[in-house]
Every structure is written in C-alpha cells, then in structure tokens.
Amino acid sequence: MPLKVLSVASEAVPLVKTGGLADVVGALPAALAGHGVEMTTLLPGYPSVLKGLGRLRAVHAWDSLLGVPARLLTGKIGGYPLLVLDAPALYARDGAPYADAAGQDWADNWQRFSALGRAAADIAGGAVASRGKVQKFDLVHAHDWQAAMAPAYLHFAPYGGEGGRVPSIVTIHNMAFQGWFGAEVFPRLGLPREAWSIDGVEYHGGLGMLKAGLACADAVTTVSPTYAREIRSAAFGMGLEGLIVARGRAVSGILNGIDAAQWNPASDPALVSPYDARKLERRKANKRALEAEFGLEADDGPLFIVVTRLTWQKGMDVLLEVLDHLVGIGGRLALLGSGDAAIEQALHAAAARHPGRVAVRIGYDEALSHRMQGGGDAILVPSRFEPCGLTQLYGLAYGCIPVVARTGGLADTVIDANPAALAAGVATGIQFDGVHYDAFSAALTRTVDLYGHAEQWRAIQKNAMKCDFSWKASGQAYADLYRALMA
Ligand code: ADP
C-alpha cells in the first residue's frame, strides 16, 4: 500500500511562485512517487491557482472555516493530485500571495493561513469524502509558517478516529519568515485554551505560527544539513534556536533537489547553443549572446552572473562594495534581480560607473535566468544565510562555477577549489568565509586566477556538471523519514 501524504504549502510551481519554496513543493510529488509515496498537494485558492486549473470538482464544504465559508476543490498539479482550498473571503485578491499591490502584508494573514492549517488537519483526519469514500492521509507534511498551523490543529484536536493521531512534519525553507501576530487573534483560531502555552502556539505573548509547527510536529526538517545545525545558534535561529535545540534529534536536514527536466544545458530551449560536459566550447556562443543582451563588452575574461532576490540575506550590499575590485581584476558582471528599492538604485549607479563592465536587469525573468547560467562563467552567491539555495545548483549543472559564502546549503553543495580538492580532482567551485569585503574580494581574485588556467577551469566545470543534485537521494530521504514516523 502506498503511503498517503498530504503536502501543505502556500506556493507550488507552476501555479504560484515567489521563491525556491514553490520549486520544491512542485517537485516533491514526482520525487516521492518512485518511493511508494502518493502525495497530494493542498494550496490556497489564489486567483492564479484557480485560473491555472482546468475542471474543478468540489468535494467538501465548510460553512465556517475560521469564520468564513470555504470549499475544497480537486484538480491536478504536474499530473499529481491537488486539493485547492477555495475561500474567496481569504484568497480572492489581486497582488502577491502575502501582500497587497503596495507591498503591505495582508492584515488577516493569520486567518488566511490558519484556515489553511485547519483545513489540512480536517482533511487528513478524514473530514473529506470523495465519491462516497472517506479520503484519509497517513501523514501531513507542512511547509513554512503559512502551513505550520496544520501540526498544531492535529496536535490539539486529535483527528483520526480509529485509534490514532495523524503524524506531521514541518519543513523550514527559511527561518527568517515566522508568521507572528498579536494575542487578540487566539480566540478566533478555534483551538483549546491549553494551546496557548510555551508548548503550543504562544510565542513572546503573541501567535507564532512557525513556532507552533516546530513545537507540535512529530519531526522538523530544513533544507540542508548545515542549515539544520546553524539554526541551533542565535545568529541563524532568529529567536527559535532554543526550541530547535530542545527538539533534538527530531530536527534534520534534507537537501533540495533540482528538476533535471527544467535545468539541463543539453536540452534547454532558452539557450542559443545547448551543450554538455563534453562540448563545453559550445558555451561560448551563449556567452556572446548574453554579453550582447546585457550590453556588455565582449571579451574572453570571466563573466560573472547573479540571479537573486535583492535583499540583505543575499549579501547584495557587499556585492556592491566589491564591484570595483571585480572590474579591476578584469571581470564583468551581469545581474538579474528584484526586491529592495535602495539596492536596485545602487546597482543602477554601479552599472553607470562601469559601462560595458557591469550591467543590471531589474525584474523577474525565468528564461533569462537560464540564458545567464548557460552563458556566464561563474555565479556569485554571497548569502549571509542560505537554507539550501537553488541558483548554485543550477550553476553546477550548467558549468557556471558557483562562488559562494560557506553557509547553509551553499556549504553542503559546493566543493571549494583548495589545493587538496584540486589535487584530488574533485573541486566544483569557490567558497569563502564571512560575507564582508575582504573575504569576498579575495574569493573573486582566486576565481579569476583559476579562470586564467584554462585546463584547471575546464576540470572544475566538468566536476560541477557531474554532480547529481536531482531529487533521487532527497526523495529517498523524505520517504525514509515518513516511514520512520509511521512505525
Ligand atoms: P530564495 O528561495 O531564497 O529566493 P533560492 O536560491 O532557493 O532562493 O531560489 C530562488 C529561485 O528563484 C531560483 O529558482 C532562482 O533562479 C529564481 N530567481 C530568483 N530571482 C530571480 C529573478 N529575478 N528572475 C528569475 N528567477 C529568479
């Protein structure tokens, strides 16, 4: 019998995406299908989700789900089962999933996402019948704060009738986003009084939604082994380090994979010149096309790229500091990103200072991100913290050598080209310690030196492209964890 898992999240490709979370949630059903796990995804009924689906069938209705009427619709996502929580009072809005058009967080986010958690608990516990048959789940897998109330509802209102509670897992994709709200919302959650405690949903006198999940889930995972260790400290735990330490062996790290069907330089329709590790010379046409697209001077020196949200987390302020050095040692930079307005302005100013050497595109452009990985020589990822990171994995797959800060998933996926790794023939990139000028600029100098030794650089590219960061190993790891919790 396959294990039936309900995966609960606020984003999943191809229906709704603001970051790496959506890539991961969208990839999980296929990653687990080969391991005897039948995964159903539950998403909020945002306009983009309802629009992106074909025929929808209603299988359940709530007269009042945290005070609003709601329906449950069934559909498919990437060929796998999908449930959509259709509650127009909560989700039928223009703007981004969490904020209005002006970027202001929706004031009722506590209700929008507690309702998602409550619905997940109801569904897993067997509240939903489809074609006369009660649909039950063996386990609930909740992602980030938006889904983290599901374990709390399961814990404080045990479901599962025939002798048993439904076990749950919370996965932390980014500890920086926790979902904290004032105490006044607690009476409206429909939880028993004992839930308002240090072992429940209360956090610093308010409602902590991620905290609730971390306290109530049977297991907690995050998206790399190093980040799982880092969040035990104040610098990375962002206030929740004590709880992470207290959960002890219930906390583990499982790396994200990448979707090899989407990210393969040999068959990528975005590239003018597809290539593989045996035909690396074909990258040159992509590099020339990228230089032209960005208005950069064409030359054979190293072309650095950056694809990112423009935030403090991603170290963009330090990137700005090292730009003169990057240009001074013969590098050029093509950057694609969006986010913080002050960083955008500073990047434009830097590009104006270095015409032909630094070029910036503000916006979100999936196809361009592929062209950059296929034409750039090295991708810079100077994150202050990085739970897993996907862009360095795409860089590895494309032979666009990652230059990364040694933190989180970046530390776990890139092998630094130190003398030992070079001698052993296993280097796949460049790592540096500490996101500040000295470390980052030294890493850039080291990268330019390595690039100057063509044989060595090609060897690093080949090693990088050989890395297998598909979902194979991580799908197995999640399946093993699910089974351990069932046992
Ligand atoms: P995070 O989830 O913290 O933003 P990740 O590296 O885990 O960081 O995932 C980011 C995802 O979003 C990757 O798929 C990356 O290619 C994509 N991405 C980020 N910024 C842009 C952009 N401006 N244009 C296109 N894709 C982007």
Side-chain angles (χ1 to χ4, degrees), residues 9-14 16-28 96-98 143-146 171-177 222-224 226-227 230 236 238 253-265 268 270 290 293-294 305-316 319 333-341 343-344 347 359-376 379-398 400 402-405 407-414 429 435 469 471 474:
S10 62
E11 302 182 20
V13 290
V16 49
K17 170 170 173 173
T18 70
L21 168 70
D23 291 326
V24 175
V25 175
L28 276 180
Y98 319 118
H143 300 272
D144 273 352
W145 73 268
Q146 297 94 338
T171 294
I172 306 162
H173 295 262
N174 194 334
M175 199 65 138
F177 306 110
T222 186
V223 287
S224 69
T226 292
Y227 194 61
E230 287 172 339
F236 295 91
M238 309 212 163
I254 299 176
L255 272 178
N256 289 335
I258 63 173
D259 183 347
Q262 296 290 323
W263 291 95
N264 178 354
D268 191 332
L290 192 62
E293 184 167 4
F294 270 88
I305 66 159
V306 171
V307 179
T308 189
R309 291 186 288 119
L310 300 175
T311 65
W312 181 85
Q313 176 196 338
K314 302 290 183 179
M316 289 298 105
L319 176 76
L333 174 74
L335 179 144
L336 168 65
S338 65
D340 187 294
I343 299 177
E344 289 181 7
L347 284 166
V360 171
R361 273 297 160 77
I362 300 300
Y364 191 94
D365 188 334
E366 191 83 25
L368 177 56
S369 74
H370 285 244
R371 295 196 291 279
M372 292 171 75
Q373 299 276 12
I379 179 163
L380 305 177
V381 194
S383 303
R384 288 191 164 87
F385 62 95
E386 194 59 78
C388 178
L390 292 173
T391 59
Q392 87 281 11
L393 299 182
Y394 302 146
L396 290 169
Y398 280 61
C400 181
V403 180
V404 304
T407 187
L410 302 174
D412 289 338
T413 55
V414 174
V435 180
F469 287 111
W471 275 100
S474 299

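Both backbone and side-chain heavy atoms feed into the values below; hydrogens, waters and symmetry mates do not. Atoms within a ligand are numbered from 1 in the order they appear, just like the ligands themselves.
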Atom 15 (C) of ligand 1 - nearest protein heavy atom and its distance: Thr391 CG2, 3.6 Å
Sub-4.0 Å heavy-atom contact, Lys314 with ligand 1: yes
Sub-4.0 Å atoms of ligand 1 with respect to non-hydrogen atoms of Asp23: 14 (O)
Identity and distance of the protein heavy atom lying nearest atom 18 (N) of ligand 1: Tyr364 CE1, 3.7 Å
Check: Tyr394 ring centroid to Trp263 ring centroid under 6.0 Å: yes
Spacing of Cys400 atom SG and Leu380 atom CG [to the nearest 0.5 Å]: 8.5 Å
Close approach, Lys17 and ligand 1, non-hydrogen under 4.0 angstrom: yes
Contact with ligand 1 for Pro387, non-hydrogen, under 4.0 angstrom: no
Backbone or side-chain N or O of Arg309 under 3.5 Å from ligand 1 N or O: yes
4.0 Å heavy-atom contact, Cys388 with ligand 1: no
Which residues share a side-chain contact (heavy atoms from CB on, under 4.5 Å) with Asp340, sequence neighbours left out: Ala342, Ile343
Least distance between heavy atoms, Leu255 atom then Trp471 atom: O-CZ3, 4.3 Å
Closest to atom 23 (N) of ligand 1 among Gly363, Ser338, Gly19, Ala367 (heavy-atom distance): Gly363
Top protein contact for atom 7 (O) of ligand 1, by heavy-atom distance: Leu390 N, 3.5 Å
Distance-only N or O hit between ligand 1 and Asp365, under 3.5 Å: yes
Partner residues of Ala12 under the side-chain contact (heavy atoms from CB on, under 4.5 Å) criterion, sequence neighbours left out: Val25, Leu43, Ile77
Minimum heavy-atom distance between Thr407 and Glu386, given as atom pair plus value: CG2-N, 4.0 Å
Atom indices of ligand 1 within 4.0 angstrom of Thr308 heavy atoms, with elements: 20 (N)
Ligand 1 N/O within reach of Val307 N/O, cut-off under 3.5 Å: no
Distance-only donor-acceptor check, side chains Tyr98 and Thr18, under 3.5 Å: no
Ligand 1 N/O within reach of Gly20 N/O, cut-off under 3.5 Å: yes
Parallel, tilted or perpendicular: rings of Tyr227 and Phe385 (30°, 60°): parallel
Modelled atom types, side-chain donor and acceptor of Asp268 and Gln373, under 3.5 Å: no
